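Since the structure comes first, as structure tokens, the remarks are kept for the end.
The shown structure was predicted, so the numbers you read here are calculated from the model rather than taken from an experiment.
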Protein chains: 2
Amino acid sequence: MVYNKTEKVIAKQQNLRDKILKAAREILAEEESEKTSIKAIAKRAGIATGTFYLYFTNKEALMETVVKELYSELLYIIKKERAKYNNVFDKLQASMEICVQTFMKEKHLAKIFLEHFPEINTAFHAKFTDIENDLIQFAKQDIDDLVAQHLIPQQDTQVSATAFVGSFRQVIFSWISHGEPKDWDQAFNTLLEYNMRGLGRQKN
Amino acid sequence: MVYNKTEKVIAKQQNLRDKILKAAREILAEEESEKTSIKAIAKRAGIATGTFYLYFTNKEALMETVVKELYSELLYIIKKERAKYNNVFDKLQASMEICVQTFMKEKHLAKIFLEHFPEINTAFHAKFTDIENDLIQFAKQDIDDLVAQHLIPQQDTQVSATAFVGSFRQVIFSWISHGEPKDWDQAFNTLLEYNMRGLGRQKN
DNA sequence: CCAAGAATTGAACTGTTATTCAGTTTATGC
DNA sequence: GCATAAACTGAATAACAGTTCAATTCTTGG
């Protein structure tokens with residue numbers, strides 16, 4: 001005979017799955033700990049190591065889920081912010097601004113996205129590369145628009161978009177690694193000015 | 001009684017040490033292989049695993065040596081190229097150009113410098129971060145010079161230098177990861193233009 | 001050529017981590 | 001309350017990497 005799960009059990013299991021994901025994110029984000037072992041994650045989630053495997057097929061599946069979650073969270077935030085503006089320059093600026101703000105508010109998110117976890121497998125790392133690439137494609141669309149509108153000169157927009165994202169990535173990464181720059185408002189302005197000039201925005 | 005090594009033995013040992021370093025670099029640079037184990041490195045060098053420990057105290061020491069070698073090779077190349085120019089813009093451009101050329105000619109070098117090896121320990125990874133940082137400091141010096149000479153406007157040169165290096169890093173990384181852009185001459189020009197505009201170089 | 005020192009070998013040791021599974025606890029439906 | 005299913009447990013397993021060391025091979029200097 002097959003038993004059906006009650007609502008209560010379903011809720012409890014959903015809750016447990018969330019707990020595991022939360023524990024994984026916390027441990028990944030932690031400064032010191034290098035131990036992203038299943039044992040450590042299970043312990044943090046308050047379950048036995050074996051139980052983990054009732055919720056995820058293996059470690060890689062967990063990591064993939066973590067990354068997908070973070071990614072969609074970031075995308076949601078960016079899209080929401082972009083919707084507030086019509087002007088493409090403003091969209092581009094808003095995208096970066098909200099990205100940076102999010103990273104600063106949730107340093108752990110930044111750490112997971114931008115730092116490279118030596119102990120995590122290659123497949124996981126490849127996912128990050130994909131995300132970086134998606135961000136570049138978003139930037140490229142905006143830059144293509146700007147070229148089409150003759151607001152900036154003709155250029156290799158793929159390269160420009162890559163440069164654009166790369167400059168932001170590096171500054172944010174520097175901030176995560178050594179806490180520099182201290183004054184982010186000023187740094188953000190410098191960075192934005194740098195890239196706007198870089199794209200060839202006309203003075204108005 | 002203590003025996004003295006003959007010239008021949010000393011030469012052979014130096015040669016063996018070099019072989020180990022070469023094997024390590026090859027294996028690190030390889031596309032597919034995830035296996036950067038001492039066993040694999042020793043095998044490639046044609047020695048037993050135990051022999052490795054007669055030449056390096058441990059794996060970390062080997063990695064440090066590999067990184068230091070690569071680093072000094074890159075620095076040597078950059079310095080040599082910079083010496084050819086007097087104008088600071090030219091020095092800055094030449095530094096980047098020779099960096100990119102070197103990475104393109106020796107893709108394995110680029111891979112070791114710019115990709116992130118998940119299986120390699122944190123200490124090793126930190127070394128790369130240091131190198132990236134040194135490159136930023138070099139760029140900063142040039143940019144400081146340019147500001148002092150009133151060739152570009154006042155700016156947060158640390159942020160600009162970080163953005164500068166970051167944009168190059170990202171484009172080179174993209175090339176390593178997915179082979180884009182195809183036409184490097186054009187891409188390099190775009191990138192250089194982008195950054196020169198970004199720095200605020202006056203039209204002449 | 002030979003005895004002692006030096007170098008080399010690779011199997012064994014150690015530590016670590018993902019994964020499994022036999023035994024235990026909890027939930028279900030009558 | 002009970003029989004059975006489902007969930008949970010955590011010690012055991014397996015696989016793998018860095019390191020060691022007793023045994024072996026090569027080198028030295030007389």
Side-chain angles (χ1 to χ4, degrees), chain A residues 1-21 23-24 27-28 30 32-66 117-125, chain B residues 1-21 23-24 27-28 30 32-66 117-125:
Chain A
M1 191 200 182
V2 176
Y3 293 148
N4 291 319
K5 292 177 187 175
T6 58
E7 284 299 319
K8 201 176 144 189
V9 169
I10 291 172
K12 189 188 148 199
Q13 289 186 342
Q14 180 56 50
N15 184 262
L16 195 45
R17 194 186 142 90
D18 288 348
K19 257 194 190 165
I20 294 170
L21 284 167
I27 284 180
L28 281 174
E30 239 143 60
E32 344 73 41
S33 79
E34 314 285 295
K35 302 274 170 205
T36 60
S37 69
I38 298 300
K39 240 180 200 160
I41 292 168
K43 193 179 172 186
R44 166 93 51 139
I47 57 173
T49 57
T51 309
F52 169 82
Y53 288 91
L54 299 172
Y55 289 85
F56 294 91
T57 55
N58 54 28
K59 189 176 184 177
E60 198 181 334
L62 169 70
M63 291 303 174
E64 190 166 329
T65 306
V66 168
F117 293 94
E119 71 276 13
I120 292 170
N121 69 39
T122 310
F124 185 62
H125 185 259
Chain B
M1 191 198 181
V2 176
Y3 292 147
N4 291 317
K5 293 176 188 174
T6 57
E7 284 298 320
K8 199 175 148 191
V9 169
I10 292 172
K12 187 187 151 200
Q13 288 186 344
Q14 180 57 49
N15 182 262
L16 196 45
R17 193 186 143 91
D18 289 346
K19 256 192 189 164
I20 294 171
L21 285 167
I27 284 180
L28 281 173
E30 238 143 59
E32 344 73 40
S33 81
E34 314 286 294
K35 304 272 170 207
T36 60
S37 69
I38 297 300
K39 258 175 196 157
I41 292 168
K43 193 177 173 187
R44 165 93 52 138
I47 57 173
T49 58
T51 309
F52 169 81
Y53 289 91
L54 299 171
Y55 288 85
F56 295 90
T57 55
N58 54 28
K59 189 177 184 176
E60 199 181 334
L62 168 69
M63 291 303 174
E64 192 167 328
T65 306
V66 169
F117 293 95
E119 72 277 11
I120 291 171
N121 70 38
T122 310
F124 184 63
H125 185 259

Worksheet item: Going by the salt bridge (Lys or Arg N to Asp or Glu O under 4.0 Å) test, which pairs reach into residues 3-13 of chain A, not counting sequence neighbours?
Response: none
Response to the item:
Going 5' to 3' through nucleotides 25-30 of chain C and flagging B where a protein heavy-atom sits under 4.0 Å of the base, S where only the sugar-phosphate is that close, and - otherwise, we get --SBS-
Worksheet, complete the sentence: The correct set of residues in residues 45-56 of chain A placing a heavy atom under 4.0 Å from DNA chain C is A:Gly50, A:Tyr53
Item to complete: Nearest whole angstrom, please: distance from the C1' of D:dA17 to the NZ of B:Lys43.
Response: 16 Å
Worksheet item: Under 4.5 Å between any side-chain heavy atoms of B:Leu62 and B:Leu21, yes or no?
Response: yes
Response to the item:
Assign each of B:Thr57 and A:Lys39 the nucleotide of DNA chain D bearing its closest heavy atom; nearer the 5' end lies the nucleotide of A:Lys39
Worksheet item: What integer distance in Å separates A:Ile38:CD1 from D:dT9:P?
Response: 15 Å
Practice prompt. Report yes if the side chains of B:Lys19 and B:Ile47 come closer than 4.5 Å at any heavy-atom pair, otherwise no.
Written response: no
Worksheet item: What is the bend of the helix from C:dC1-D:dG30 to C:dC30-D:dG1 when you compare the axis at one end with the axis at the other, using five pairs each and rounding to 10°?
Response: 10°
Practice prompt. Rounded off to whole Å, could you give me the CD-to-P distance for the B:Glu60 and D:dT19 pair?
Written response: 9 Å
Worksheet item: Taking atom C1' of D:dA6 as reference, at what distance in whole Å does atom CG of A:Leu16 sit?
Response: 14 Å
Practice prompt. Working to the nearest 0.5 Å, report the span between CG of B:Leu54 and CD of B:Gln13.
Written response: 8.5 Å
Fill in: B:Asn58 CG to C:dT14 C1', straight-line distance once rounded to whole Å
16 Å
Worksheet item: Which pairs count as salt bridge (Lys or Arg N to Asp or Glu O under 4.0 Å) when at least one residue sits in residues 45-55 of chain B, sequence neighbours excluded?
Response: none
Item to complete: Enter the distance from A:Ile41:CD1 to A:Ile27:CD1 here, rounded to the nearest 0.5 Å.
Response: 5.5 Å
Worksheet item: Between D:dG18 and B:Lys59, is there an OP1 or OP2 to side-chain N/O distance shorter than 4.0 Å?
Response: yes
Worksheet item: With sequence neighbours left out, what residues match A:Arg17 under salt bridge (Lys or Arg N to Asp or Glu O under 4.0 Å)?
Response: none
Worksheet item: Do any pairs count as a side chain to side chain donor-acceptor pair (under 3.5 Å) and have a residue in residues 45-56 of chain A, sequence neighbours left out, and if so which ones?
Response: none
Discussion item. According to side-chain contact (heavy atoms from CB on, under 4.5 Å), who are the partners of A:Ala11, at least two apart in sequence or on a separate chain?
Written reply: none
Fill in: Atom-pair distance (CD1 on A:Ile20; C1' on D:dC8), nearest Å
12 Å
Discussion item. Salt bridge or not between B:Glu64 and B:Lys59? Use side-chain N to carboxylate O under 4.0 Å.
Written reply: no
Worksheet item: Between atom CD in A:Gln13 and atom C1' in D:dC8, what is the gap in whole Å?
Response: 11 Å
Practice prompt. Tell me, please, which residues at least two apart from B:Asp18 pass side chain to side chain donor-acceptor pair (under 3.5 Å).
Written response: B:Gln14
